[in-house]
Amino acid sequence: MILQHKHRKDYLHLFILSIVTIYIWHPLTNLVIQWEGYMYLNAWEYLTFLTNPWTLLTSAYVQGTFVGALFSKLFGLNMPLYFWAEIFSILTVNICVYFLARTLTRNSTTAFVAAFIFAVNFFGNTNIFLPNFYGGHFLERVIMNVPIFLVSFIYLHRFLAEKKIRYYAISLLLFFLSIFLTHFSILLSFPIFLYPFFWEIGASFRLRSALRAFMMIIPHTLIVIFFTQMDIYFSDQMLPKENILYFLTHPDIYRYPEGMLRQLVYISQYPSVIDAIRLRLYPLAFNDPPSAYRYVIPIVTAYGIGFLIIWKKVKKYRALLLTIVSSVTVSFLANMYLDRFDPFDDAKSQRYYYFPSVWLSMFWSLVATTIFSKKRFILYGVISGFFLINLSLFQHHFFYRNLYSVPTKKLYEYIVRNYTLIQPNSLVIVGPTPDFGPYDTTFFTEQLGDNRNIVFRTEDVSYGDWRPMASTSAHLVMLTYDNNCSCVKQETLR
C-alpha cells in the first residue's frame with residue numbers, strides 16, 4: 001500500500017499541507033458558481049449523455065457527467081458544499097503529489113517541499129479552479145483523473161524499482177481509467193512515456209535498456225492512440241489546426257520556441273511579483289506579457305543553475321530530473337501546438353499550467369533540499385517566504401473575485417430567500433445577463449421551478465427569447481440587480 005511506510009513525520013507534513021490548502025482555498029466557499037460553471041450540473045446536459053451511453057463513453061465527458069449529476073442531486077442550491085468538495089479534491093491532489101514525490105525521491109522532506117510548492121503555486125493552480133468554470137475545468141479535468149494518474153505513476157516507479165509485475169498492471173489499469181474518465185489526461189501522460197527510458201538508460205546505457213523501456217510503454221501508447229482516435233472520429237475538440245511535422249518545421253510561423261519560453265517565464269513570474277510588492281503596488285501589477293517577459297534572463301538562469309546543481313550533486317535523481325525537464329518542455333510545446341491560448345498576448349495563470357506545475361514543483365524541491373540539505377531552518381524560511389508571496393496573490397485574487405461575483409451572489413441569495421413568495425406558473429426574468437446568464441437560470445429552474453412550474457430566464461433575449469412565454473405565463477416577475485443600491489429589485493408585471 002502507498003501508506004505502508006508512513007511515520008510521524010508524514011503525519012506532520014500532511015497536517016501542514018492540509019491546513020495550508022484549506023486556508024488558501026476556503027474563500028471559495030464565499031463565492032457562487034457562474035455561467036459555464038454550471039456545465040454538467042444542469043440536468044438537460046448530463047441527461048443528454050446519461051441517456052445515450054455510447055455518446056458518453058466515446059466522449060471526453062465521462063467524469064464531468066457522472067460527478068456533475070451526483071453533485072447537483074446531493075448539493076442542490078447549497079453553494080458552499082460545491083466548493084468544499086472542490087477544496088477536498090484540491091487537497092487530495094496535493095496529498096497525491098506528496099506521496100508521488102516521496103516515492104520517487106525516498107525523502108519525506110523533499111516530498112513535503114514539492115507538495116507544498118505545488119499547493120501554494122498561484123500561477124499553476126488559480127485558473128483551473130475559477131467559479132465560472134467549475135464544470136468545464138474542475139469537474140471535467142481534475143476531480144478524479146488527476147489523483148488516479150498520480151497514483152498510476154507511483155506504481156510505475158515501484159515496478160521499475162522492484163520489478164513486480166502486479167505494480168505494472170495496477171499502473172496500466174489506473175492510466176487507462178484516468179484517460180477514460182477524461183481524455184484531457186492525455187496531456188498529463190508525457191512523464192509516463194519518458195520516465196522508463198531515463199530510468200533504464202541511467203541504470204545501463206545500452207540498446208537493450210532502451211528497448212526494454214520501449215516495450216514497457218507500448219500498452220500506454222496504444223491507450224493514448226485509442227482515445228485520440230476516438231476524439232478524431234467522434235469530435236474535433238482536441239484536434240490542432242496543422243500537421244505536427246509542418247508545425248515543428250516552421251518555427252518562424254508558429255514562434256513556438258519563444259512561446260514555450262514565455263510559458264516558463266509566466267508560470268515562474270515571481271521576480272515580477274516581488275518587484276511589485278517591493279514598490280507597494282498590486283502584486284500582479286507586472287502581469288502583462290511585456291512586463292513579465294522582462295525577467296526572462298534571471299528566470300532561465302535560475303533554472304539552468306538549478307539543473308546543474310541537481311545533476312552534479314545528486315546523481316540518483318538524474319532520471320527524475322530529465323523526466324521533469326522533458327515533460328515540461330513537451331507540455332509547453334503541446335500548448336503551442338494545440339493553440340488553446342496565446343502566450344504572446346496573455347501572461348496570466350492558465351489551466352494548461354496546472355500539469356507542468358506538478359513537475360516544476362518537484363524540480364524546485366530537489367534544488368532547495370539539495371542546497372539546504374543541512375540547513376533546514378533556511379529551507380523552511382525560503383518556502384515560508386514563497387508561501388507569503390503566493391498568499392498575497394491569492395488574497396488579491398479572491399478579493400476581486402468577490403467583487404466580481406457580488407451581483408450574482410445577491411441575486412442567488414434573493415431567489416433562495418424569497419422563492420416561496422413567487423406564485424406558481426410564473427416566468428421570472430433575471431438580469432442583467434452578464435451577472436445571471438442562461439446556465440444560471442437553467443440551474444435554478446431545474447432546482448426550484450419544476451415542482452411549482454416556475455421558469456427562470458435571463459434578461460437578454462439573444463440567449464433565449466422569453467417573450468412568447470411571457471404572453472402565456474400566469475405571472476411575470478422581473479428581478480434586477482441595481483448597482484446604485486447594491487440590491488435586487490423585484491417588479492411584478494402580472
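It should be emphasised that the depicted structure is a prediction, and the values quoted were computed from it without experimental measurement.
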Would you call Leu41 and Tyr82 a side-chain contact if the rule is heavy atoms closer than 4.5 Å?
yes
So do Trp359 and Ser361 actually touch side chain to side chain, heavy atoms under 4.5 Å?
no
To the nearest 0.5 Å, what is the distance between CG on Leu139 and OG on Ser89?
9.0 Å
Verify whether one side chain among Gln34 and Thr408 offers a donor that lies under 3.5 Å from an acceptor in the other.
yes
Cut-off 3.5 Å, side chains only: do Ser108 and Asp10 have a donor facing an acceptor?
no
Hey, what's the ring geometry for Phe133 with His137, parallel, tilted or perpendicular (30° and 60° as the breaks)?
parallel
Side-chain donor-acceptor pair present, Asn125, Arg351, cut-off under 3.5 Å
no
Heavy-atom side-chain contact between Ile128 and Tyr352 under 4.5 Å:
no
Are the side chain of Tyr439 and the backbone of Gly37 linked by a donor-acceptor contact shorter than 3.5 Å?
no
Side chain of Ser189, backbone of Ile186: donor and acceptor closer than 3.5 Å?
yes
Taking side chain as C-beta onward, heavy atoms only, is Phe159 less than 4.5 Å from Lys164?
no
If only side-chain N and O atoms count, and only distance matters, is there a donor-acceptor pair under 3.5 Å linking Gln63 with Asn145?
yes
Minimum heavy-atom separation for Ala101 to Ala111, with atom names?
CB-CA, 3.6 Å
Angle between ring planes, Phe116 versus Phe387, binned at 30° and 60°: parallel, tilted or perpendicular?
tilted
For Pro147 and Val142, work out which heavy atoms get closest and say how close.
CD-O, 3.5 Å
Shortest non-hydrogen contact between Phe332 and Ile267, atoms and distance:
CZ-CG2, 4.3 Å
Side chains of Tyr38 and Asn132: do they bring a donor and an acceptor to under 3.5 Å?
no
In terms of heavy-atom contacts, does CG of Leu279 have more than 12 from other residues, nucleotides or ligands at under 6.0 Å?
yes
So, Glu86 and Tyr134: side-chain donor and acceptor under 3.5 Å apart, yes or no?
no
Between Tyr303 and Trp364, is the ring centre distance below 6.0 Å?
yes
Taking atom OH of Tyr23 as the centre, report whether more than 12 heavy atoms of other residues, nucleotides or ligands fall under 6.0 Å from it.
no
In this structure, OH of Tyr317 is separated from CE of Met362 (nearest 0.5 Å) by 11.5 Å
Using only atom types and a distance under 3.5 Å, with no angle test, would you say the side chain of Tyr167 pairs donor to acceptor with the backbone of Leu156?
no
How would you list, by chain and number, every residue that makes a salt bridge (Lys or Arg N to Asp or Glu O under 4.0 Å) with Arg280, sequence neighbours excluded?
none
Please check if the side chain of Ser326 supplies one atom and the backbone of Thr323 the other of a donor-acceptor pair under 3.5 Å.
no
Does the salt bridge (charged side-chain N to carboxylate O under 4.0 Å, His left out) test come out yes or no for Lys348 and Asp288, once each step is laid out?
CA-CA 7 Å; Lys348 297 190 292 294; Asp288 58 281; over 6 Å; no
Ignoring hydrogens and geometry, is there a side-chain-to-backbone donor-acceptor pair from Thr370 to Leu366 under 3.5 Å?
yes
Donor-acceptor pair, side chain of Asp440 and main chain of Gly437, under 3.5 angstrom:
yes
Ile217 and Phe197: which non-hydrogen atoms are nearest, and at how many Å?
CD1-CE1, 3.4 Å
Would you indicate whether Lys409, at its atom NZ, is surrounded by more than 12 heavy atoms from other residues, nucleotides or ligands within a distance under 6.0 Å?
yes
Over 60° means perpendicular and under 30° means parallel, so classify the ring planes of Phe227 and Phe176, tilted if in between.
tilted
Give a yes or no on whether the backbone of Asn107 and the side-chain of Arg102 come within a donor-acceptor separation of less than 3.5 Å.
no
Partners passing salt bridge (Lys or Arg N to Asp or Glu O under 4.0 Å) against Arg262 (at least two apart in sequence or in another chain):
Glu258
Is the closest side-chain heavy-atom distance between Gln263 and Val328 below 4.5 Å?
no
Please round to the nearest 0.5 Å and tell me the distance separating atom CD1 of Ile310 and atom CD1 of Ile305.
12.5 Å
Quick check: Trp199 with His157 (ring centres under 6.0 Å apart)?
yes
Under 3.5 Å, side chain of His250 to main-chain N/O of Phe247, donor-acceptor pair present?
no
State, with a plain yes or no, whether a side-chain heavy atom of Lys316 is found less than 4.5 Å away from one of Thr105.
no
Are Asn402 and Asn30 side-chain neighbours, meaning at least one heavy-atom pair lies under 4.5 Å?
yes
Check each of Tyr98, Phe123, Phe386, Tyr354 against Phe118 using the ring pair (Phe, Tyr, Trp, His ring centres under 6.0 Å) test, and report the only one that passes.
Tyr354
Over all heavy atoms of both residues, which pair between Tyr295 and Asp275 is shortest? Give the atoms and the distance, please.
OH-OD2, 2.7 Å
Do you know which two heavy atoms are closest between Tyr40 and Gly64, and how far apart they sit?
CB-O, 3.2 Å
So Ser331 and Phe190, do their side chains get closer than 4.5 Å, heavy atoms only?
yes
Side-chain donor or acceptor of Ser268 paired with backbone N/O of Val265 under 3.5 Å:
no
Would you please say whether a donor-acceptor pair under 3.5 Å links the side chains of Thr110 and Ser365?
no
Taking the six-membered ring for Trp and the full ring for Phe, Tyr or His, determine whether the centres of Tyr168 and Tyr155 are under 6.0 Å apart.
no
Verify the neighbour count for atom CZ of Phe88: are there more than 12 heavy atoms of other residues, nucleotides or ligands below 6.0 Å?
no
Separation between CD1 of Ile148 and CD1 of Ile179, rounded to the nearest 0.5 Å:
11.5 Å
Okay, side chain of Lys315, backbone of Lys312: is any donor-acceptor separation there less than 3.5 Å?
no
